[in-house]
Engineer: 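Next up is a structure, given as structure tokens.
Every chain is numbered from 1, with letters handed out A, B, ... down the list of sequences.
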2 protein chains.
Amino acid sequence: MMSDDLNILILSCGTRNKIVQYFKKELDGRGLVIATDCSELAPALYEADKHFIVPRMNDEGYLDAVLSICKENKIKAVLSLIDPELCLLAEHKQAFLDIGTIPIVSESDVVEICFDKYRMFEFLVQNCIPTVKSYIDKEQFYSDVEAGVINYPVFVKPVRGSASINISKVTSKEEIELLFSRFDNLMIQEFMNGTEYGADVYIDMISSEPVAIFIKEKIKMRAGETDKSVSIKDEHLINLIKKFVNKAGFKGIIDIDIFKVNDEYYISEVNPRFGGGYPHAYESGVNVPEMIINNIYGNVNLDSIGMYDDGIYMMKYNAIKIVRGLAGKQL
Amino acid sequence: MMSDDLNILILSCGTRNKIVQYFKKELDGRGLVIATDCSELAPALYEADKHFIVPRMNDEGYLDAVLSICKENKIKAVLSLIDPELCLLAEHKQAFLDIGTIPIVSESDVVEICFDKYRMFEFLVQNCIPTVKSYIDKEQFYSDVEAGVINYPVFVKPVRGSASINISKVTSKEEIELLFSRFDNLMIQEFMNGTEYGADVYIDMISSEPVAIFIKEKIKMRAGETDKSVSIKDEHLINLIKKFVNKAGFKGIIDIDIFKVNDEYYISEVNPRFGGGYPHAYESGVNVPEMIINNIYGNVNLDSIGMYDDGIYMMKYNAIKIVRGLAGKQL
């Protein structure tokens, strides 16, 4: 029966070929993996069983286009690999549920907090979870500098905005004044001189409990590359992550950035989606696509936290996708 | 017989997994592919049949370490994937030949010209090959600006130095004065407002003739990514490349950067090694590893220039290599 197929839609697939590959492998013929992107030059499109070129996310009619694809292809679950679209999916969750499609994403208010670094800071402080000192009030920052609570250098960055776009490392009041006079909605954040970790966490969509936590130390190379990591296990950090995700109420797959300074862990940021480093977790046996599929079938996942080996190294390299006959179409 | 094996050594393999894979595929059991790097975290090491961690290239004893590996593993040919090492291989060509190992690299003087952007500019001008206007004499530049021969913006960059490290786009005499007062060995280069192309060229090691030329247009994406390209064919550009490589006397595999502005091609830079975009050529049927193997067997390659389809698109994405049990060793 066509309608028994477990078809999954991956939005804005971009260069995330591995995610598409993993879902295809785990579905193993029980349904199709369908991918979309606004560009025909998104290589992950060509890993999928079927793909669609859609309008840009901000174009009018985008949501309707996605809903149509879901309906026509009997999509059972939809997920996105880019940040701005997570808000869209979370906000319009009901519209998807109405046509039988489950968005794999946290609730709208939770997603919003992730994209406002200062609100996330406040949330963490209120819940007594160590985090990176942050200020939107520069006068408060100056007085904390005088009191010796914080020291230069610090980072000045937009409160909203993903990745490391427009982040300045500054060492003086003059620079801060200049940046604040030029740009709106900035925040000042403590410089964390320590080790960086990433955690891939799956929070069961049915039980709302974290059932998988994979922790990796990011390895800094001489040339500044960060695309190597090694799996680690730490009971203390696992407990901190459990506490945090329970308090915040995440659902589905999230990626958490963490610092360790002087043997203390600090939660820094959350991407409420598959992180760029997720393949490390998958290849180490932390099978989130399978957990998502279980949830779509209505099955609760059992707790498998910490079920991976430490000391597994991941190193990225370039693979390529070759496609013929695109010329002239929507490039 | 052991000594009949065609073993190939790839130095400083880094993240160039594809190159190692291609040589293994083309050798198809006729010999081993052996790889080296100074870091255990170079993923391409783990594609090879055998690998060695070696000292850093600038450390004393590096050359001896490489020569020992060649001798002990009966290496028939050696190549490097990073620029500084090409000079080393070219300079010590005879030491390798003496132990029965062929370095796949151009002659030393030719390699040197590639790493001195101003000498390359002079060479191209002398040979009437269109190139990017360049100055080491800023007064000459200022007078050409006055004469209307060149206009701002221009690039100021180190005469030596690979990739795009330390390149500034400048729009005024003041900025040029400032940069020249701060740094030595700078040059001023015309800003080319046009399309960028890359050419992978194989010059037969025996006949010294170019036998393969693969041309791709680099596709600029909105976010500034350049890791997508499309194969093109152009008789005029092929002839320009033939003329250039014959005049310069390259040997083996090289990668050429080209601009097209107002329908005229300009040769910009050469990397006398496998370029980062070579996989596009290989997957389009331009099989340089096979040509290298032919040459090592003493066979001349026939001209196969232009034997590929145009309109083949290449898109990069991240693949990963997983390795267990490195902890504690030379990281």
Engineer: Pick from A/Val230, A/Ile320, A/Asp310: which one has the most heavy-atom pairs with chain B under 4.5 Å?
Structural biologist: A/Ile320
Engineer: Pick one of side chain, backbone, both or neither for B/Ala42, based on which atoms fall under 4.5 Å of a heavy atom in chain A.
Structural biologist: backbone
Engineer: Could you check if a side-chain atom of B/Lys321 sits within less than 4.5 angstrom of a side-chain atom of A/Tyr313, using non-hydrogen atoms only?
Structural biologist: no
Engineer: A side-chain contact here means heavy atoms from C-beta on lying under 4.5 Å apart; do A/Val323 and B/Met315 qualify?
Structural biologist: yes
Engineer: Are A/Asn318 and B/Lys18 close enough that some pair of their side-chain heavy atoms sits under 4.5 Å apart?
Structural biologist: no
Engineer: Going by the rule side chain to side chain donor-acceptor pair (under 3.5 Å), which residues pair with A/Tyr317 if we only count those two or more places apart in sequence or in a different chain?
Structural biologist: none
Engineer: So do the side chains of A/Ile322 and B/His280 get within less than 4.5 Å of each other, counting heavy atoms only?
Structural biologist: yes
Engineer: Would you check if the side chain of B/Lys228 reaches a backbone N or O of A/Leu41 as a donor-acceptor pair within less than 3.5 Å?
Structural biologist: yes
Engineer: Given side chains that start at C-beta, do those of B/Arg324 and A/Asp309 come closer than 4.5 Å, heavy atoms only?
Structural biologist: yes
Engineer: Evaluate B/Lys316 against A/Thr15 for side-chain contact (heavy atoms from CB on, under 4.5 Å), listing each step before the verdict.
Structural biologist: CA-CA 7 Å; B/Lys316 285 186 189 167; A/Thr15 59; over 6 Å; no
Engineer: Take a 6.0 Å sphere around NZ of B/Lys25 and say whether it holds more than 12 heavy atoms from other residues, nucleotides or ligands.
Structural biologist: no
